[in-house]
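As the structure is a prediction and not an experimental result, all values here were calculated from the model.
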Amino acid sequence: MREPSAIEALAEPDRQALLRVFPVLSRALPATAVPPRPDEVDSRALRQVGFEALRAVLASVARAAPLVVWIDDAQWADADSAALAKELFARDDAPPLLLVVSYQSERRDDSALLKALDALPGRRELRVGQLPPREAEALAARALGADTDEARRLAELVARESGGSPFFVLQLAQDLQESGGATAPRLGDVVRRRIDALDPDAQRLLTLAAVAGAAVERRTLLRAASMGEWGRREVTRLVGAGLLRLSPVDGQPAVETRHDRVREAILAAGGEAVRRDAHRRLADALLDQKSDDLDALVLHLVGAGDDDRAARYALPAAERAAEALAFDHAASLYRVALRAPHKSVRRDEVLTRLAEALTSAGRGGEAAQAFMEAAAALAQTRPADPMVMDLRRRAAERFVCSGRYVEGMRVMREVLDAAGVSLPSTPRGAALAGVAGRASAATARRDVDGGRELLDGAACLRRRARRAAPRRDP
């Protein structure tokens with residue numbers, strides 16, 4: 001009889017939350033073990049349960065065998081990944097495992113994940129640098145195939161220009177041999193010469209791969225380049241030339257540029273108009289294929305300058321991200337959705353969703369501003385709608401709970417004044433008026449489900465009121 005896996009061994013509510021946050025893990029389960037979706041509960045709480053369930057699964061695996069977790073290209077990780085890392089690795093009850101994180105050192109400051117991992121105990125940093133100058137020169141000398149003073153001089157120049165990268169040492173040495181030059185070329189010049197020597201189809205493929213910025217399925221790349229299956233030969237040639245590399249995505253053939261410096265040289269050679277056209281081609285290819293990669297679609301529509309269509313697809317992409325409890329990513333997509341023409345979306349609704357995503361992401365000050373903007377947008381079309389005051393009330397709560405007490409109390413006074421309740425300036429009076437305002441607002445909003453938010457806001461007001469005199473906003 002088969003032993004249940006670590007995921008199957010979870011209690012059903014924990015397994016539901018785990019698969020909601022990490023749906024890809026359902027592939028590791030038999031169909032009969034995939035639970036139904038969890039009931040709608042507080043999304044932030046659900047994400048926390050999912051994180052804890054994953055930690056339990058990792059701990060179970062680690063008890064059975066040594067466990068190594070490898071996170072590659074960590075420089076690209078977002079704030080949602082950082083929140084997960086804190087829960088998995090930075091707690092006292094973290095699973096016993098070896099965590100290996102690899103990243104590009106020059107992009108370290110861009111990664112929220114790496115910043116979150118800085119405080120881990122027992123952390124060791126191993127710098128895998130480029131070849132030392134002597135070794136790079138020796139490799140260049142062997143590649144040049146001569147042992148003369150002139151060859152050694154050129155080998156030194158090649159090593160210096162390569163930055164110690166073995167791949168670039170060989171590329172520069174090969175170009176030097178082919179050109180018969182007496183001076184080591186610059187890497188950007190080498191890449192540009194190779195691009196110029198390619199036929200237009202290959203050049204278009206390279207530009208599209210560079211603009212994609214990440215591994216893109218080969219069929220999407222070929223469609224964007226207006227090439228059929230015969231274009232696979234061109235892809236193979238570019239891989240062999242060291243300009244592209246194979247990077248399968250979900251088991252599908254995919255390619256990307258061989259190195260960031262190659263990508264940068266390709267983009268620099270193209271210009272803004274070429275990049276915008278490549279983004280448009282990639283977006284059209286994704287649409288033609290009815291791809292469900294909405295994130296990539298929005299990225300390319302924005303890059304093509306097509307804000308209208310980008311906004312149209314950003315809204316479902318944001319909803320999907322919020323559904324997956326990736327709140328920071330959802331917030332960024334809601335901001336793109338707000339670029340839509342004024343009449344194509346309900347701005348107050350999108351702003352409200354943005355504010356809710358920011359709240360769940362723990363960015364209370366930004367959430368408060370978004371709630372205020374949502375209230376203002378709704379007031380333009382329906383000034384008498386009770387939701388206007390409710391949105392302002394939610395803004396006040398977020399201001400107060402994020403430490404912007406003065407601003408929050410000012411907005412709350414306006415909300416309570418509109419409800420016919422005054423808010424005294426003393427701490428005790430403020431606490432009592434907060435409770436009274438909650439009751440008044442709840443009565444005025446019989447059809448609006450905001451009880452939990454009202455309770456949260458009143459709790460924040462009471463906590464603040466018990467403390468010392470109001471302080472200035474930070």
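- Contact of the Q48 side chain with the E87 side chain is registered, since non-hydrogen atoms from C-beta on lie closer than 4.5 Å.
- Two residues are said to be in side-chain contact when any heavy atoms from C-beta on lie closer than 4.5 Å; R392 and M372 meet this criterion.
- Across L114, L113, I71, a single residue satisfies side-chain contact (heavy atoms from CB on, under 4.5 Å) together with Y103, and that is L114.
- Taking all atoms of both residues into account, the shortest heavy-atom contact from S60 to A6 is OG-CB, 3.6 Å.
- A 4.5 Å side-chain heavy-atom check between L354 and E373 finds every atom pair outside the cut-off.
- Using a 4.5 Å cut-off on side-chain heavy atoms (C-beta onward), Q369 and F399 make contact.
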Q.
Between F51 and L18, is the side chain to side chain contact (heavy atoms under 4.5 Å, CB included) condition met? List the steps.
A. CA-CA 7 Å; F51 285 179; L18 177 69; over 6 Å; no

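- For the pair R237 and E234, the salt-bridge criterion is met [side-chain N within less than 4.0 Å of a carboxylate O].
- Here E319 pairs with R353 in a salt bridge; the nearest charged N to carboxylate O distance falls below 4.0 Å.
- Annotation: the span from L358 atom CG to R335 atom CZ amounts to 5.5 Å, rounded to 0.5 Å.
- The minimum heavy-atom distance linking L88 with L54 is given by the pair CD1-CD2, 3.8 Å.
- Ion pairing between D93 and R55 holds under the 4.0 Å rule for side-chain N and carboxylate O.
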Using a 3.5 Å cut-off and no angle test, enumerate the donor-acceptor pairs between side-chain atoms of residues 208-221 and protein atoms at least two apart in sequence or in another chain.
from: E217; atom 1: OE1; to: R219; atom 2: NE; distance (Å): 2.8
from: T220; atom 1: OG1; to: Q289; atom 2: OE1; distance (Å): 2.8

task = I would like to know whether L301 and D308 meet side chain to side chain contact (heavy atoms under 4.5 Å, CB included); could you show each step before the answer?
result = CA-CA 9 Å; L301 288 172; D308 289 353; over 6 Å; no

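- Without hydrogens or angle criteria, D288 side chain to R223 main chain gives no donor-acceptor distance under 3.5 Å.
- Of the inter-residue distances, the one linking R394 atom CZ with F371 atom CZ reads 3.5 Å to the nearest 0.5 angstrom.
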Margin query: Would M412 and V400 count as a side chain to side chain contact (heavy atoms under 4.5 Å, CB included) here? Give the steps.
Written below: CA-CA 9 Å; M412 185 61 79; V400 171; over 6 Å; no

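- Closest of all the heavy-atom pairs between A337 and A314 is N-CB, 3.7 Å.
- Shown here for A202 and L238, the closest heavy-atom pair between the two residues is O-CD1, 3.9 Å.
- Taking each heavy atom of V57 and L10 in turn, the nearest pair found is CG2-CD1, 3.8 Å.
- Contact annotation: the side chain of F327 approaches that of L325 to within less than 4.5 Å [non-hydrogen atoms, C-beta and beyond].
- Without hydrogens or angle criteria, S162 side chain to A159 main chain gives a donor-acceptor distance under 3.5 Å.
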Using the side chain to side chain contact (heavy atoms under 4.5 Å, CB included) rule, take D14 and E52 through it: C-alpha gap first, then chi angles, then the decisive distance, then the call. CA-CA 8 Å; D14 293 343; E52 291 173 358; over 6 Å; no

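- For W230, the CH2 atom counts as densely surrounded, since its 6.0 Å shell holds more than 12 non-hydrogen atoms of other residues, nucleotides or ligands.
- Summarising the local packing, CZ of R233 is surrounded by 12 or fewer heavy atoms from other residues, nucleotides or ligands at distances under 6.0 Å.
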Show the numbers, then the answer: is there a salt bridge (Lys or Arg N to Asp or Glu O under 4.0 Å) between R312 and D306?
CA-CA 10 Å; R312 185 193 317 162; D306 192 344; over 6 Å; no

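- Contact annotation: the side chain of D348 never approaches that of M387 to less than 4.5 Å [non-hydrogen atoms, C-beta and beyond].
- Contact of the F89 side chain with the L97 side chain is registered, since non-hydrogen atoms from C-beta on lie closer than 4.5 Å.
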- Check the pair E323 / R20 against salt bridge (Lys or Arg N to Asp or Glu O under 4.0 Å), numbers first and verdict last. CA-CA 8 Å; E323 178 77 6; R20 170 75 178 274; 3.5 Å; yes

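- Here R393 contributes atom CZ and R398 contributes atom CZ; the two are 9.0 Å apart, rounded to the nearest 0.5 Å.
- Closest of all the heavy-atom pairs between L297 and A283 is CD1-O, 3.6 Å.
- Note that CG of L286 and NE2 of H300 are 6.0 Å apart. Values are rounded to the nearest 0.5 Å.
- In this structure the side chain of F22 reaches within 4.5 angstrom of the side chain of L84, judged on heavy atoms.
- In this structure, the separation between CZ on R347 and CG on L338 is 5.0 Å, given to the nearest 0.5 Å.
- The line from OG1 of T257 to CG of L244 is 7.5 Å long, rounded to the nearest 0.5 Å.
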